[in-house]
Amino acid sequence: MKLYSIHRHFPAHLCKVYKRNLSITVVVMAMTYLPTAAQYEVAVPQNVFNRKKTSLNGDWNYFVDRYEAFYYDFVRVPFDSSSLGKRDFAALDGKAKNKTERYEYSFEGSEKIRVPGDWNSQAKELLYYEGSIWYRKGFDLKEIRQNQKLLLHFGAANYRADVYVNGEKAGVHIGGFTPFAFDISTLVKAGENSLVVRVDNKRAKEAVPTDVTDWWNYGGITRDVSLLEFPKVFIQDYHVQLNPEKSDELYGYVELSESYSGPVYLRSKDLKVTITLDFKNQKKVFFNKKLTRSFIRWSPQQPKLYDFELSVSEDKVSDKIGLRTITTKGNQLLLNGKPLFLRGICAHEENPIRGGRNTSKEDALQLFKWAKDLNANYMRLAHYPHNEYMPRIADSLGILLWEEIPVYWTIDWTNDATYQNAEKQLTDMIARDRNRSSVIVWSLANETPNTDERLVFLKKIAAKTKSLDSTRLLSAALFKQNLGNSAYTISDPFAQYSDIVSFNQYLGWYEGTPDVLAKASFSLSEKKPVIVSEFGAGAKYGFRADNLTRWSEDYQNYLYQETLGFLDRIPNLVGFSPWILADFRSPRRQLPNIQDGWNRKGLVSQEGKYKQAFYTLQEYYKAKKDTYEGH
Ligand code: GCB
């Protein structure tokens, strides 16, 4: 009877269930509550980008769940963990059926929000909101065909998404920057269907990234949402690249959704190649094929993409893939066997002019336009996997990319769940972009402290990376060490495990003023190529003073001039990526009238204007371009 009395805290539709199952209720209140497993989550198929799909983008209903009252019950037990199961209020997407029924939420009549999009830039009161928001979208299905697989695909949602279809839990996804999918074939019906998603972007110490970062934690369904239909046997995954060891050989694999017997074709009319893979009750078959005709190798000067088509019984998918090798030899970085210099720039996935997460092709094109203007041939996509427009467009424009996972600063190194989370993000990033020729580096960490626990973590994730993709190079942005007398090196043991030794350095900004750079030198005992993955200084656009006045464009410009001199003296240097292309939002930056919540190290201002240092780097890169590529 005592328990019964607490039922008044539940909405009417749940009370009915509880009254009917009094004995069950007693058990529920006494047990330990474990989250229900994601039952419908499936591997994301390769190349969703080019698949026929129904977009669920657009305006979605939403409400803000500040107290998480629709996810947890009043004793903070998640509703979906109760053995009564799947009873998250909002997930039920219901409404009062008569005048006496009590509901304390409604999607009907609620505000609308754009998907894809972060919520912070869409409503004034959400600018710095971190917490839970419930989204709802209805979709119609004309018919449910037998043997047809219906997948619900999200490009990304930051940070945790709980997904419900017609009131049933499809699953949970953790990690803000990678795609995920659910097989919802058995959850849908002909006619109108309800899709409800709770997104929670609260930061946490054990999360990846952890709770301390230097960028704003945009929340929401930030990338495209779509429905995809597949036959029973379909092309789940494939890898088509040049063999780095035999550069006239195409190699990779094709993986199907299930075991199959029969032929699977990989054709490129363009390249005049047909590969027939004979599956014998197999899911995955590897191939290699020597290319006997001459072909154009993908490069920034000539970013040729070949058309490929893969087909199996009722399924086919096409892709555009560039053919190139990226290797190292001693101190050198080689693209198609030739020395390469990376004229780079770092970028966040953010549109400074709009002040929000990038969501579209136009947003991506904006970043590339600035990078191209800079005479760059390379971008470091910091500090998490960016949306898929980036590698797709980079492939066609001939921009090389460094991609990374948000293993940033401090991570809960000894927490196994944290490791698994990071490894999952890495696996999903590689799975999505494994056929993009623009991507040459997988980076595993940024400025992580040199401790034993961290080395264990990074070594493990490095081995995983190599096992997933041997056609690209591995790196991490490390710290430099001071040997005295302005001489620097890398003594981080992780350098041993990277193909390219990369480090961030802020001489002249966090360490002294730019005049310290004239005496600085760098050497590395290992025979490996070196990338300076960051350097920079903050400057408020339009603030002109002198070379030693902080926050002025002049200081930033002077720091660039002095740093370029220092970089020219690094023997193994194969490129660099200054921090950063454009100003970006960061709550760590609170200097009034200068920062106002923005990191001002951009070469492009919040308004999209070029600062003085932009022109300095542009000129430097022009000269490098002429040296390496000819006039
Ligand atoms: C760094 C970090 C980057 C910061 C930058 C800064 O080393 O990698 O995320 O934003 O410095 O501006 O301090």
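In each ligand, atom 1 is the first atom listed, and ligand 1 is the first ligand listed.
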(message) I want to confirm something. Looking only at heavy atoms, which of Glu534, Arg600, Lys601 is nearest to atom 2 (C) of ligand 1?
(response)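 Going through Glu534, Arg600, Lys601 one by one, Glu534 has the nearest heavy atom to atom 2 (C) of ligand 1.
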Pick one of side chain, backbone, both or neither for how [X] approaches ligand 1, counting any non-hydrogen atom pair under 4.0 Å.
{"X": "Phe535", "answer": "neither"}
{"X": "Asn599", "answer": "side chain"}
{"X": "Asn446", "answer": "side chain"}

(request) Check the pair Phe566 / Val532 against side-chain contact (heavy atoms from CB on, under 4.5 Å), numbers first and verdict last. (result) CA-CA 11 Å; Phe566 163 56; Val532 173; 5.8 Å; no
(message) Can you report which non-hydrogen protein atom sits closest to atom 7 (O) of ligand 1, along with the distance?
(response)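 In this structure, atom 7 (O) of ligand 1 has Glu447 OE2, 2.3 Å as its nearest protein heavy atom.
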(message) Among all protein heavy atoms in this structure, tell me which lies nearest to atom 4 (C) of ligand 1, with the distance rounded to 0.1 Å.
(response)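 Nearest protein contact, heavy atoms only, for atom 4 (C) of ligand 1 is Asp214 OD2, 3.2 Å.
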(message) Quick check for you: to the nearest 0.5 Å, what is the distance between Thr513 atom OG1 and Tyr555 atom OH?
(response)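 Between atom OG1 of Thr513 and atom OH of Tyr555 there are 5.5 Å.
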(request) In plain terms, say whether Asp373 and Lys369 are close enough for a salt bridge, that is, a side-chain N and a carboxylate O under 4.0 Å apart. (result)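 Salt bridge present between Asp373 and Lys369.
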(message) I'd like to know if Asp363 and Arg354 make a salt bridge, using a cut-off of under 4.0 Å between side-chain N and carboxylate O.
(response)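 A salt bridge is present here (some side-chain N lies under 4.0 Å from a carboxylate O).
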Check contact between [X] and ligand 1, using heavy atoms of the residue and a distance below 4.0 angstrom.
{"X": "Tyr510", "answer": "yes"}
{"X": "Trp215", "answer": "no"}
{"X": "Arg589", "answer": "yes"}

(message) Heavy-atom count check: over 12 atoms from other residues, nucleotides or ligands less than 6.0 Å from Lys205 NZ?
(response)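 No, NZ of Lys205 has 12 or fewer neighbouring heavy atoms, counting only those of other groups under 6.0 Å.
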(request) Classify the angle between the aromatic ring planes of Phe341 and Tyr628 as parallel (below 30°), tilted (30 to 60°) or perpendicular (above 60°). (result)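 Tilted, since the angle between the ring planes falls between 30° and 60°.
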(request) Could you list the atoms of ligand 1 found under 4.0 angstrom from a heavy atom of Phe584? (result)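 Close to Phe584: 10 (O).
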(message) Give the atom numbers and elements of ligand 1 that come within less than 4.0 Å of a heavy atom of Asn504.
(response)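 Within the 4.0 Å cut-off of Asn504, ligand 1 contributes 7 (O), 8 (O).
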(request) Report yes or no: does Arg472 contribute a side-chain atom to a donor-acceptor pair with the main-chain N or O of Ile326 at less than 3.5 Å? (result)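 No.
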(message) If you compare all heavy atoms of Thr178 against all heavy atoms of Pro385, which two are closest, and at what distance to 0.1 Å?
(response)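 Looking at all heavy atoms of both residues, the shortest contact is CG2-CG, 4.0 Å.
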(request) Return a yes/no value for Trp409: is any of its N or O atoms, backbone included, closer than 3.5 angstrom to an N or O of ligand 1? (result)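 Checking ligand 1 against Trp409, no N or O pair falls under 3.5 Å apart.
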